[in-house]
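Notes to accompany the following structure.
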Amino acid sequence: MPELPEVETIRRRLAEELPGRSVRSCGAHASEKFRPAATVRGARFAAVRRRGKYLLVELHDGRDLVVHLGMTGSLGFLPTGDTVPADPYVRAWWELDDGRTLRFRDVRRFGRLAVVERGAYDGLPTLAALGPEPFDEELTAAGFHAALRGTRARLKTAVLGQRVIAGVGNIYADEAFWRAGVNPAARRLGRPGAERLLDALRAVLQEGIEHGGTTLRDYRDADGGSGTNQHRLDCYGRGGLPCRRCGGTLRRRVLDGRSTVSCPTCQR
DNA sequence: CGGGGTTCCTGGCCGC
DNA sequence: TGCGGCCAGGAACCCC
């Protein structure tokens, strides 16, 4: 499940390869979620940017190819077999003018591709209303605290909502709440807790980037490789196992429809 | 307008 | 062994 660190890992690789390359030919799955990818034939790639979990591949004609990887999406110069049957999960492809082919692969089809005039994100409401980037220095503890006070949702649900802060998904949310000692089910948070939570979010996201992302099952980088951050998780996926801080037993439950692991002792 | 529920998808896993 | 049933979960969408 690609979150900010996984998308950023892919972005950095594509930013080395795509600018200046043009699309010789392309194609896409018939679904409306992928079909727009086939409208960029002849276009030339410019900068590769990221907002939250969205990749924004700029085109020289003023449009953006917007990519959301969903649950199982991967994007890059993925391994292919010339002698084996075609990969049935490639939902879109772009043959470049250097002969290589960029591919979007997505088993569960929760991903999405769009081509829009730069900045015209009205068809992508989450992107249009996206909150601040975690590493934006204009995002302060005071601002983060105020944003959390502005919603009545559970803290974890608010953090996952992309409006308070961009790019956080279920894995890094559980890690950050655990590290900050904040109860994800709570609806209110004091100023010190908000400060700890923002610091923890930044830390776990930064570490995720440094370790090439978290590969639990599906995530692959732009070259088809795995990340290594899965070996460093303290909380996500560890329900029933001992808390590495207090030794108590981590609890797994479903909060607002999302699997959540937390420590009943450390996270009040 | 915001909170909450539903839906989209399919491989992997569990239990009998 | 084979198979039905269930689970994962981000964001669009709908309703109140």
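Values below: all heavy atoms of this structure, side chains included; hydrogens, waters and symmetry mates excluded. In this text the structure is predicted, and so the values were computed from the model without any measurement.
Using a distance-only test at 3.5 Å, with no hydrogens or angles considered, a donor-acceptor pair links the side chain of A:Thr39 to the main chain of A:Pro36. In terms of modelled atom types and a separation under 3.5 Å, the side chain of A:Glu95 and the main chain of A:Val23 share no donor-acceptor contact.
As judged by a 4.0 angstrom heavy-atom cut-off over every strand, A:Arg187 is placed among residues touching the sugar-phosphate backbone only. Among the heavy atoms of the strands, none lies under 4.0 Å from A:Lys33. Using a 4.0 Å heavy-atom criterion, one finds that A:Tyr236 contacts the sugar-phosphate atoms exclusively. Among the heavy atoms of the strands lying under 4.0 Å from A:Ser259 are primed sugar atoms or P, OP1, OP2 only; no base atom is included.
When the side-chain nitrogen and oxygen atoms of A:Thr151 are compared with OP1 and OP2 of B:dG2, none of them lie within a distance under 4.0 Å. A:Tyr89 has a side-chain polar atom (N or O) that falls below the 4.0 Å cut-off from OP1 or OP2 of B:dG11. For A:Arg154 and B:dG4, the shortest distance from a side-chain N or O to OP1 or OP2 is not below 4.0 Å.
A straight line from CG of A:Asp218 to P of B:dG12 spans 8 Å, rounded to a whole angstrom. In this structure, A:Gln162 places its CD atom 15 Å from P of B:dG3, rounding to the nearest Å. One interatomic measurement links the two molecules: CG of A:Asp256 to P of B:dG3, which rounds to 11 Å at whole-angstrom precision. The CD-C1' distance, from A:Glu32 to B:dT7, rounds to 17 Å in whole Å. If you take CZ of A:Arg105 and P of B:dG11, they are 10 Å apart, rounded to a whole angstrom. B:dC8 atom C1' lies 12 Å from atom CZ of A:Arg91, rounded to whole Å. When the C1' atom of B:dG11 is taken as reference, atom CG of A:Leu216 falls 15 Å away, rounded to whole Å. Separating the CZ atom of A:Arg108 from the C1' atom of B:dT10 is a distance of 7 Å, rounded to the nearest angstrom.
A heavy-atom distance below 4.5 Å is found between the side chains of A:Lys156 and A:Asn170. Side-chain contact check for A:Leu4 versus A:Pro134: some heavy-atom pair is nearer than 4.5 Å. At a threshold of 4.5 Å between non-hydrogen side-chain atoms, the residues A:Thr101 and A:Phe77 do not count as touching. Between A:Arg109 and A:Phe34 the shortest side-chain heavy-atom distance falls below 4.5 Å.
Running 5' to 3' along DNA chain C, contacts with non-hydrogen atoms of chain A at under 4.0 Å begin and end at C:dA8 to C:dA12.
Taking the charged nitrogens against the carboxylate oxygens, A:Glu17 and A:Arg100 do have a contact shorter than 4.0 Å, which makes a salt bridge.
Atom CZ of A:Phe144 is separated from atom CG of A:Leu197 by 4.0 Å, given to the nearest 0.5 angstrom.
Side chain to side chain, A:Tyr172 and A:Thr214 meet the donor-acceptor criterion of an N or O pair below 3.5 Å.
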Let me check something: any side-chain donor-acceptor pairs from residues 66-73 of chain A under 3.5 Å, sequence neighbours excluded? List them with distances.
| unit_1 | atom_1 | unit_2 | atom_2 | d |
| --- | --- | --- | --- | --- |
| A:His68 | ND1 | A:Gly70 | N | 2.9 |
| A:Thr72 | OG1 | A:Asp106 | OD1 | 2.6 |
| A:Thr72 | OG1 | A:Val107 | N | 3.3 |
| A:Thr72 | OG1 | A:Arg108 | N | 2.9 |

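Less than 4.0 Å separates DNA chain C from at least one heavy atom of each of the following residues of residues 121-131 of chain A: A:Leu124, A:Pro125, A:Thr126.
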